[in-house]
Amino acid sequence: MCASTPEVSRSNNHRAVRRVLIFTLAANLLVAVGKLAWGYHANIVSMQADGFHSFFDALSNVIGLIALGMATLPPDREHPYGHQKLEVAASMAIGMMILLGLLEVGRGVWAAATGAASPQVSPAAFGVIGVAIATSFVISWYEKRAAKRYDSMILASDAAHTFSDALAGIAVLIGLVLVRQGIPSGDIFAALAVMLFIGMTAYRVLRDGMIVLVDAALLDADAIREVVCTHPEVRSCHYVRSRGMPGSVHLDLHVTVDPDMKMEQAGEVLLEIKARLHARFSELEDVLIQLEPHHPVHYEDVPDNLV
Ligand SMILES: [Zn+2]
Ligand SMILES: [Zn+2]
């Protein structure tokens with residue numbers, strides 16, 4: 001029963017983070033529409049590219065929302081390890097969509113570079129990109145503040161990303177200035193810079209998914225061993241493996257105790273070790289410990305580098 005208080009504040013946090021993400025998504029979509037509309041109207045290819053960029057950012061906000069939704073779904077019979085990996089499926093799908101979008105943007109840039117049409121840079125174009133840059137700065141600041149208040153990893157990483165979006169906007173702005181100075185290729189170079197930013201979004205989204213898919217180790221085995229060995233009854237600890245997702249880690253390990261120890265006491269030791277691990281690593285979702293009688297020689301078939 002004593003667990004109810006943190007649960008309540010946790011779901012409150014979820015709701016608040018959700019609100020911030022939805023607001024960010026809406027802002028990204030608005031900015032995307034503005035940049036795409038004006039980019040096509042005035043034939044400014046870098047602004048078109050940046051419009052797609054904002055649209056892809058809105059897509060990556062969708063992953064954040066899915067992740068939040070999954071985090072509140074409890075495990076069930078069909079999904080006893082929880083539902084967090086649905087977020088990975090969404091990440092991979094959206095990452096691939098962004099890559100395809102990048103190809104599409106690249107085709108547009110190529111067409112502009114080889115075509116005859118030249119960008120129409122009016123004061124309104126500066127207005128559109130100026131508002132977009134300001135929006136990115138404000139949202140980034142807003143997300144960063146919310147990330148601190150609600151202790152949210154999703155918001156913190158999105159805040160950093162939104163800040164980089166302002167830089168992409170500044171690249172477009174520089175391109176516009178160059179065009180005004182009589183260098184029409186400035187627009188193309190700015191578009192190439194924006195493509196780099198899109199590539200970074202795709203990389204980030206796909207990398208986060210890959211970390212989970214390849215079961216990358218998420219906790220330092222030595223740090224785990226150190227905590228386990230603080231228990232006076234533990235003789236040794238080996239074969240420490242962690243996997244899962246940041247914030248939701250599954251850990252398994254082998255622990256040896258005195259061969260003459262009674263089962264009853266061994267059970268106590270096991271629970272105490274788990275409690276120590278959970279206290280030290282808040283991201284632990286589940287800990288599986290194989291208790292073994294301590295022998296001088298280890299007979300098991302454990303990979304040498306993991307013993
Ligand atoms: Zn971006
Ligand atoms: Zn073992």
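As the structure lists them, so they are numbered: ligands from 1, and atoms in each ligand from 1. From a predicted model like this one, the values you see are computed outputs, not experimental measurements.
Distances from the Zn ion (ligand 1) to the N/O/S atoms of H53 are shortest for NE2. Within D165, OD1 is the N, O or S atom that lies nearest to the Zn ion (ligand 1). Within E292, the N, O or S atom at minimum distance from the Zn ion (ligand 2) carries the name OE2. Closest to the Zn ion (ligand 1) among the N, O or S atoms of D57 is OD2.
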* Would you sort out whether D50 and H53 count as a side chain to side chain donor-acceptor pair (under 3.5 Å), showing the intermediate values? => CA-CA 5 Å; D50 204 29; H53 172 205; 3.0 Å; yes
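The backbone N or O of Q120 sits nowhere less than 3.5 Å from a side-chain atom of N43 that would complete a donor-acceptor pair.
Both cation-pi conditions hold for R241 and Y239: the charged atom is under 6.0 angstrom from the six-membered ring centre and inside a 45 degree cone around its axis.
Tested against V287 for a side chain to side chain contact (heavy atoms under 4.5 Å, CB included), the candidates D252, I224, L253 yield a single pass: L253.
Around the Zn ion (ligand 2), the two atoms ND1 of H254 and NE2 of H238 are separated by an angle of 100°, to 10 degrees.
Cluster annotation: Y40 and F56 are assigned to the same hydrophobic cluster (Ile/Leu/Val/Met/Phe/Trp/Tyr, side-chain heavy-atom contacts under 4.5 Å, transitive).
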